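See below for the structure under consideration.
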Amino acid sequence: MSLKSIQPLKDRFGRSINYVRLSVTDRCDFRCVYCMSEDMTFLPRQQVLTLEEIARLARTFQSLGTQKIRLTGGEPLVRSDILDLVNDIGRLGLRDFAMTTNGSQLPKLAEPLRKAGLHRLNISLDTLDSTRFAQITRTGRLAQILDGIDAAREAGFRGIKLNAVIMKGRNDDEILDLVEFARRKQVDISFIEEMPLGNITEHDRSESLCSSDEVRTRITAHHDLHPTTDDSGGPARYYRMSDSPIRVGFISPHSHNFCATCNRVRVTVEGRLLLCLGNEHSVDLRRVLRGYPEGDGKLRETIIKAMDLKPERHHFSTGGGVQILRFMNMTGG
Ligand code: SAM
Ligand code: SF4
């Protein structure tokens with residue numbers, strides 16, 4: 001069957017699902033305060049999908065109309081042999097193949113990743129102050145990430161975007177500095193509202209939440225922002241400035257309900273297919289991967305059936321409580 005003739009997956013609400021985020025590890029070299037607790041217990045190896053199983057999932061989703069795959073985690077670049085997986089998926093010829101990373105391994109891996117067929121990178125960067133960076137990530141070093149961003153620019157990716165989670169009293173005074181940095185480096189930047197994923201005790205999310213509207217207001221005091229029609233089918237809205245080629249995005253799971261156009265599903269590193277970031281609906285694909293090692297018929301059938309479980313919408317609230325017990329590193333951001 002030619003790729004063009006494949007009908008995309010559809011859910012009960014008529015949404016086409018053509019975007020899959022695959023988490024390749026729950027492990028990470030950082031312990032960001034909004035994502036993990038300081039003492040994390042990670043999954044035993046046998047519960048984690050092998051790279052071959054992840055590649056098989058990518059192939060099967062592609063045969064069901066998936067055109068876009070993002071690898072995430074945890075930190076995808078701490079998984080050993082990640083380049084083999086990127087090579088395997090790179091060969092599928094997807095329309096869009098991306099990765100979200102904290103950037104710490106990019107000084108050495110940016111170029112090999114590009115050569116292995118990765119198209120785009122999202123790199124997390126919440127602050128330009130090295131002391132704050134160490135506090136927010138608990139273990140990270142800012143200089144390494146800045147080198148990583150430069151290495152990614154030199155490697156010639158189709159797109160690079162910075163992701164910044166803005167927290168009141170922590171880095172909200174750096175919004176304009178981050179925009180200036182992105183303009184200077186000629187990379188896109190998105191500002192993310194903190195989500196109530198995982199039970200953290202380090203801070204109270206109801207106090208730290210900085211809404212996208214608030215971030216945008218602060219930027220428009222200095223820059224003209226023109227809405228674009230670019231739509232990722234997700235919670236992001238993009239703007240352009242008249243004096244720079246970069247895009248500024250706002251990812252607002254709280255204040256912008258994007259569920260009606262949601263085109264994506266996620267697979268955790270344990271092989272749980274999550275139909276919605278903000279709900280617990282899931283299907284165990286690892287059981288099928290391991291129970292039916294020959295032929296992908298059962299796997300395809302399970303994925304198609306799972307679409308019926310995709311809920312109409314999520315219900316995050318801003319009360320500060322935990323709504324989903326999974327940590328973001330388990331979910332795949
Ligand atoms: N380790 C990689 C990284 O940091 O980019 C990829 C995984 S990380 C879970 C993906 C994205 O989720 C990052 O941009 C991170 O800032 C964001 N993130 C993590 N926890 C979050 C939370 N509770 N609310 C909003 N964004 C979060
Ligand atoms: Fe690691 Fe990314 Fe979570 Fe930070 S946000 S702890 S870098 S997985």
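These numbers come from a predicted model, not from an experiment. In this chain, residues are counted from 1 in sequence order.
- Side-chain contact annotation: Asp224 with Ser242, donor-acceptor N/O pair under 3.5 Å present.
- Asp96 is linked by a salt bridge (Lys or Arg N to Asp or Glu O under 4.0 Å) to Lys68, Arg120, counting only residues two or more places apart in sequence or in another chain.
- Under the 4.0 Å criterion applied to side-chain N and carboxylate O atoms, Asp188 and Arg247 are assigned as salt-bridge partners.
- When atom types are taken as modelled, the side chain of Glu193 and the backbone of Ser212 share a donor-acceptor pair closer than 3.5 angstrom.
- Salt bridge status for Arg56 with Glu53: absent, with no side-chain N to carboxylate O gap under 4.0 Å.
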Could you pull out every donor-acceptor pair under 3.5 Å between side chains of residues 105-114 and any protein atom, sequence neighbours left out?
unit_1, atom_1, unit_2, atom_2, d
Gln105, OE1, Lys108, NZ, 2.6
Gln105, NE2, Asp29, OD2, 3.4
Glu111, OE2, Lys115, NZ, 2.8
Arg114, NE, Gly156, O, 3.1
Arg114, NH1, Leu118, O, 2.8

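- Between the side chain of Asp81 and the main chain of Asp84, no donor-acceptor pair closer than 3.5 Å is present.
- Salt bridge annotation for Arg300-Asp296: absent, with no cationic side-chain nitrogen under 4.0 angstrom from a carboxylate oxygen.
- Using modelled atom types and a 3.5 Å distance limit, the side chains of Ser208 and Glu194 yield a donor-acceptor pair.
- Side-chain atoms of Arg21 and Tyr19 form a donor-acceptor pair, as typed in the model, at a separation below 3.5 Å.
- No salt bridge links Lys305 with Asp308; every basic N to acidic carboxylate O contact stays at or beyond 4.0 Å.
- By the criterion of side-chain heavy atoms lying less than 4.5 angstrom apart, applied directly or through intervening Ile, Leu, Val, Met, Phe, Trp or Tyr residues, Leu92 is grouped together with Leu64 in one hydrophobic cluster.
- No more than 12 heavy-atom neighbours from other residues, nucleotides or ligands sit within 6.0 angstrom of CD on Glu294.
- Inspection of the Arg183 and Ser244 side chains reveals no N or O donor paired with an N or O acceptor under 3.5 Å.
- Side-chain heavy atoms closer than 4.5 Å link hydrophobic residues (I, L, V, M, F, W, Y) into clusters, and following such links, possibly through other members, connects Ile123 to Ile166.
- Proximity of a side-chain donor or acceptor of Asp172 to a complementary backbone N or O of Gly169 within less than 3.5 Å is detected.
- The neighbour count for Phe13 CZ, taken as heavy atoms of other residues, nucleotides or ligands under 6.0 Å away, is above 12.
- Not one N or O on the side chain of Asn18 forms a donor-acceptor pair closer than 3.5 Å with the backbone of Gly65.
- Ring orientation note: the planes of Phe133 and Phe30 are nearly perpendicular, at an angle over 60° on the 30°/60° scale.
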